[in-house]
Amino acid sequence: MTRRKLVAGNWKMNGDRAALAELDAIAAAAAANPAVDVAMAVPFTLIERAAERVPGLMIGAQDVHEHDKGAHTGCVSAAQVKEAGARFVIVGHSERRGDQGETSHDAWAKAAAAHRQGLNVILCCGETEAERDAGRAERVVQAQVEKSLPDDADGSWLTLAYEPRWAIGTGRTPTLDEIAAIHAIARAKMRHMIGDKADGVRILYGGSVTGDNAASILAVENVDGALVGGASLTAAKFVPIIEGAA
């Protein structure tokens, strides 16, 4: 099955109104490379402004709460980010798992909450450096997919992202063979869970993706795009990744 490439950026806790100017060139690059889907997850405070500024670019949120509403101070629901203009949400990101102690069950619940509101979902999984050094990377990813993948998942609304935690923002990346192995394991686990629908689910790679290594990483079997952190903050660094995907 042919799956369209997706290059998704994640600004994390960075950016202000002035930074939205970077989206102009990114949106132009997306339009110039129509074979590639391009998305950007910005902070909650910028979703509405970003969606209004670049309506042709898929704008998303970096997290949502698992409940639709309620007494959850400081949290934001899927309905609220959708109303602001978000079209997708990232759940289960390694920094949420590591810094906020979120579990695969939390990621499952948040993915379900987003889907209830008609949002697309990028569901993240990935091992720590200690887990990889212990030879447990494949088992960790399999377990995370098993516990966080919704039963009704399919490629029309869900994308999986493999992001080895030790590669995020460090400049280190796994070898192409290591990336291929984990993506194949993730694909196989999804097939076991949801059957042939797994073939329509894109699997992104995330972790120190740059314009220099994007083309080689995105040529690996079962790598259907990239989830990009620091390099998504400026058009100068993000646009070459879009071009690498094309």
Side-chain angles (χ1 to χ4, degrees), residues 1-12 14-15 19-43 46-47 50-51 53-62 86-95 119-126 155-164 167-169 171 173-174 176 179-180 182-183 186 200-246:
M1 176 179 290
T2 300
R3 294 175 293 270
R4 287 175 58 87
K5 297 293 188 185
L6 168 62
V7 177
N10 176 16
W11 278 11
K12 307 186 181 184
N14 297 292
L20 292 176
E22 295 291 336
L23 297 180
D24 297 343
I26 291 170
N33 294 276
V36 180
D37 293 333
V38 181
M40 188 68 73
V42 298
L46 297 178
I47 291 173
R53 183 177 185 118
V54 284
L57 193 64
M58 185 160 48
I59 299 298
Q62 299 169 18
R87 294 165 58 188
F88 75 97
V89 63
I90 299 172
V91 301
H93 192 280
S94 63
E95 289 159 359
L119 292 168
N120 288 344
V121 174
I122 297 177
L123 172 63
C124 300
C125 62
S156 68
W157 65 273
L158 186 130
T159 296
L160 192 69
Y162 166 59
E163 40 163 27
I168 297 174
T173 58
L176 297 182
I179 293 172
I182 295 293
H183 279 239
V201 177
R202 292 185 281 200
I203 307 178
L204 312 182
Y205 169 75
S208 295
V209 179
T210 68
D212 293 332
N213 63 21
S216 59
I217 291 174
L218 297 176
V220 173
E221 185 175 4
N222 281 312
V223 176
D224 303 309
L227 180 58
V228 183
S232 71
L233 294 172
T234 65
K237 292 184 178 180
F238 193 61
V239 168
I241 298 173
I242 297 172
E243 294 170 343

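Every heavy atom of this structure was used, including side-chain atoms; hydrogens, water molecules and symmetry mates were not. Quick note: residue numbers are just sequence positions, from 1.
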Residues forming a side chain to side chain contact (heavy atoms under 4.5 Å, CB included) with [X], sequence neighbours excluded:
X    : answer
E22  : T234, A235
P43  : W11, T45, L46, Q62
V223 : I179, H183, Y205, I217, L218, V220

Let me confirm one number: the [atom1]-[atom2] distance from [X] to [Y], rounded to the nearest 0.5 Å.
X    : Y    : atom1 : atom2 : result
T159 : I203 : OG1   : CD1   : 10.0 Å
L233 : N10  : CG    : CG    : 9.0 Å
C125 : I182 : SG    : CD1   : 8.5 Å

How would you list, by chain and number, every residue that makes a side chain to side chain donor-acceptor pair (under 3.5 Å) with [X], sequence neighbours excluded?
X    : value
R87  : none
S94  : E163
N120 : none
K237 : none

Quick check: closest heavy atoms across [X] and [Y], and the distance to 0.1 Å?
X    : Y    : result
F88  : A39  : CE2-CB, 3.6 Å
I47  : A86  : CG2-N, 3.6 Å
L204 : L6   : CD2-O, 3.6 Å
A231 : V209 : CB-O, 3.8 Å
V7   : V228 : CG1-CG2, 4.3 Å
S208 : A167 : OG-O, 2.5 Å

Does anything in residues 216-228 pair up under salt bridge (charged side-chain N to carboxylate O under 4.0 Å, His left out), and if so which pairs, sequence neighbours excluded?
->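 For residues 216-228: R3-D224, R187-D224.
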Pairs involving residues 205-216, ordered by first then second residue, that meet salt bridge (charged side-chain N to carboxylate O under 4.0 Å, His left out) (sequence neighbours left out) |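 The answer is none; no pair qualifies.
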Provide the full list of side chain to side chain donor-acceptor pair (under 3.5 Å) pairs with a residue in residues 31-42, sequence neighbours left out, each pair given once.
->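 Every side chain to side chain donor-acceptor pair (under 3.5 Å) pair that includes a residue of residues 31-42, provided the two are not neighbours, is R4-D37, D37-R202.
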Minimum side-chain heavy-atom gap I90-L227 below 4.5 Å |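 Heavy-atom side-chain distance check passes, below 4.5 Å.
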Report yes if the side chains of R53 and D24 come closer than 4.5 Å at any heavy-atom pair, otherwise no.
->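 They are in side-chain contact.
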